[in-house]
Number of protein chains: 2
Amino acid sequence: MASQRGEGEMNTTPAEPADRERARAIPEAAVARLAVYLRVLSGMADQGVNAVSSEELSQAAGVNAAKLRKDLSYIGSYGTRGVGYDVEVLVSHIERILGLTRNHSVAVVGIGNLGHALANYGGFPGRGFPVTALFDVDADLVGIPVGGIPVSHIDDITAVCVEREVSIGVIATPPPAAQSVCDRLVSAGVQCILNFAPVVLQVPDNVEVRKVDLAVEMQILSFHVARRADEAAGVSVGNNGLGVDGMVIRP
Amino acid sequence: MASQRGEGEMNTTPAEPADRERARAIPEAAVARLAVYLRVLSGMADQGVNAVSSEELSQAAGVNAAKLRKDLSYIGSYGTRGVGYDVEVLVSHIERILGLTRNHSVAVVGIGNLGHALANYGGFPGRGFPVTALFDVDADLVGIPVGGIPVSHIDDITAVCVEREVSIGVIATPPPAAQSVCDRLVSAGVQCILNFAPVVLQVPDNVEVRKVDLAVEMQILSFHVARRADEAAGVSVGNNGLGVDGMVIRP
DNA sequence: TACCGCTTGTGAACGCATGCACAAAGTCGG
DNA sequence: CCGACTTTGTGCATGCGTTCACAAGCGGTA
């Protein structure tokens with residue numbers, strides 16, 4: 001993942017790692033949860049809550065309290081023992097760590113059903129992610145505004161992305177076009193890609209890709225449906241169901 | 001571990017107890033990857049490829065070859081040493097394990113931009129997931145067909161879900177409605193939920209929830225953008241308390 | 001000030017997942 | 001039929017992430 005150079009500066013151990021030094025050490029899984037905490041905290045702030053304990057917050061976020069505290073400890077010690085966390089303080093620190101203090105310009109490629117939906121989200125949930133460019137191959141769509149942004153032709157992708165300083169590219173095209181679109185985004189300098197197309201994208205090491213795959217999600221659920229059905233059918237018989245011919249089943 | 005028994009069995013094999021025993025032991029992460037392998041394999045099958053090695057398949061799927069073999073080993077030993085895997089055989093076995101041999105009726109709740117997009121996918125990517133019900137609170141939408149399915153009112157959710165044997169519920173509503181919708185789905189007997197609303201759903205233990213959270217995905221990418229920017233800038237950006245972003249370079 | 005109860009922050013153990021490396025098992029050419 | 005080559009399947013070590021448990025630290029109280 002990414003180009004891992006000598007991760008540290010030799011053996012010089014800094015006494016007090018700066019915030020950003022820390023950022024490098026935050027596990028990916030923790031980052032995802034921090035985003036969830038942030039949303040929950042924002043909701044609390046809107047409701048006038050200004051202090052929260054790890055227990056309360058963890059329940060609202062659907063995680064273990066210890067895990068929450070460890071996650072928060074990755075970004076620093078901003079709680080007060082015996083009391084809890086100040087909501088505002090936590091919000092601002094998480095925002096800082098997640099890089100939400102500045103805006104990230106987003107481009108959506110592929111203005112089909114999904115692209116339409118994404119464009120119309122308008123600034124994306126949570127704000128801070130203004131959609132500044134839309135692209136499609138269909139010439140009939142070019143120029144038509146969707147969600148307030150006029151669609152550009154995909155051939156202009158490089159120029160437009162550079163001009164509007166797009167930092168995140170969203171691919172919502174049909175599968176066959178995805179890799180090609182991805183390549184163009186990369187050559188336009190986009191280093192982060194959110195891919196909705198059911199395709200495994202090949203990218204350079206310095207580009208970060210996250211994928212949202214509907215089919216995979218459905219199939220994972222399908223797996224659990226099947227597993228449940230089997231358990232329901234099998235458990236009722238108990239573990240004596242198999243050993244007809246004396247087969248011994250492990251513990 | 002139970003050794004292999006059936007050596008002559010091919011596809012269209014009915015589920016057997018031992019296989020199902022296995023299913024329970026497959027790690028969640030592996031299940032997600034199996035779905036990806038399945039897609040890649042299906043593509044290969046369509047192109048007339050009928051044999052593949054773990055090396056080829058792993059590259060196409062973007063994973064380590066050893067990991068791929070281990071993943072496949074969870075579902076059984078269906079490869080031929082010195083040769084590789086038969087594409088058709090692998091496809092059918094993965095489909096069986098993922099429970100794709102039967103259809104899973106899907107209901108989409110919330111026919112806004114996203115719901116529209118989902119409904120129009122028509123049977124969902126990968127097939128096997130027919131959308132059989134759509135719901136919305138808006139009375140004006142009720143009865144209007146979207147993607148060939150007429151929208152039902154959300155108050156009828158229980159009756160309709162039971163009648164159409166919905167096994168997977170997709171929540172595409174605004175955040176405030178999500179929990180309520182979820183509760184109704186659960187009370188209608190739906191045990192698997194795919195949640196697009198940026199909300200942490202509270203469900204009974206016997207219900208499986210997977211969430212697709214746009215905001216979280218964007219924020220994870222944002223984190224990486226920020227991390228990159230910091231690394232590129234050299235060292236670190238200090239930020240204490242209330243200072244917005246004073247650029248302080250520390251040795 | 002000294003004590004008490006509460007909550008954070010974290011060291012350490014545990015468990016799961018990843019990657020390596022190799023024996024087992026098959027094919028192919030002679 | 002045999003030996004060389006190829007590729008699977010997996011035991012094992014490593015690393016990451018989760019969970020536990022508790023000392024440290026803070027506010028409140030007498």
A.B. asks: Ignoring backbone atoms, test whether Y85(A) places a side-chain nitrogen or oxygen under 4.0 Å from the OP1 or OP2 oxygen of dC26(D).
C.D. replies: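 Looking at the OP1 and OP2 atoms of dC26(D), neither is under 4.0 Å from any side-chain N or O of Y85(A).
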A.B. asks: Round to a whole Å and report the spacing from NE2 of H93(B) to P of dT8(D).
C.D. replies: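 Rounding to the nearest Å, NE2 of H93(B) and P of dT8(D) are 16 Å apart.
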A.B. asks: Round to a whole Å and report the spacing from CG of D86(B) to C1' of dT8(D).
C.D. replies: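 Distance check: D86(B) CG to dT8(D) C1' gives 15 Å.
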A.B. asks: With sequence neighbours excluded, tell me which residues meet side-chain hydrogen bond (donor to acceptor under 3.5 Å, both in side chains) with D183(A).
C.D. replies: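 Q179(A).
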A.B. asks: For L221(A) versus R210(B), what's the shortest heavy-atom pair and its separation?
C.D. replies: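 The pair with the smallest heavy-atom distance is CD2-CG, 3.9 Å.
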A.B. asks: Roughly, in whole Å, what's the span from OH in Y78(A) to C1' in dT10(C)?
C.D. replies: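 Checked: the OH to C1' distance equals 16 Å.
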A.B. asks: Which of residues 58-71 of chain A sit near DNA chain C, with a heavy atom under 4.0 Å from it?
C.D. replies: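 Within residues 58-71 of chain A, the residues near DNA chain C are R69(A), K70(A).
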A.B. asks: For V216(B), does its backbone N or O pair with a side-chain atom of R39(A) as donor and acceptor, under 3.5 Å?
C.D. replies: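 Not at all, since once roles are kept as given, no pair shorter than 3.5 Å links the two residues.
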A.B. asks: Nearest 0.5 angstrom please: R69(A) CZ to S53(A) OG, how far?
C.D. replies: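 Answer rounded to 0.5 Å: 9.5 Å.
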A.B. asks: Once you round it to whole Å, what is the distance between C1' of dC16(C) and CD1 of I26(B)?
C.D. replies: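 Distance, rounded to whole Å: 15 Å.
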A.B. asks: Can any side-chain N or O of H224(B) pair as donor or acceptor with the backbone N or O of Q191(A) at less than 3.5 Å?
C.D. replies: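 Answer holds: no.
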A.B. asks: For I75(B) and dT8(D), give me the distance from atom CD1 to atom C1', rounded to whole Å.
C.D. replies: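 Computing the I75(B):CD1 to dT8(D):C1' distance gives 14 Å.
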A.B. asks: Ignoring hydrogens and angles, does a donor from either the side chain of R81(A) or the base of dT7(C) sit under 3.5 Å from an acceptor on the other?
C.D. replies: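 Check fails, no donor-acceptor contact within cut-off.
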A.B. asks: If every non-hydrogen atom of C182(B) is compared with every non-hydrogen atom of V203(B), which pair is closest and at what distance?
C.D. replies: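 That closest heavy-atom pairing would be SG-CG1, 3.4 Å.
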A.B. asks: Tell me: CG of L72(A) to P of dT18(D), nearest whole Å?
C.D. replies: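 Atom CG in L72(A) sits about 14 Å away from atom P in dT18(D).
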A.B. asks: Given dT8(C), is OP1 or OP2 found less than 4.0 Å from the side-chain N or O atoms of T80(A)?
C.D. replies: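 Looking at the OP1 and OP2 atoms of dT8(C), neither is under 4.0 Å from any side-chain N or O of T80(A).
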A.B. asks: Of R33(A) and V52(B), whose nearest nucleotide on DNA chain D comes first from the 5' end?
C.D. replies: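 Its nearest nucleotide being more 5', the pick is V52(B).
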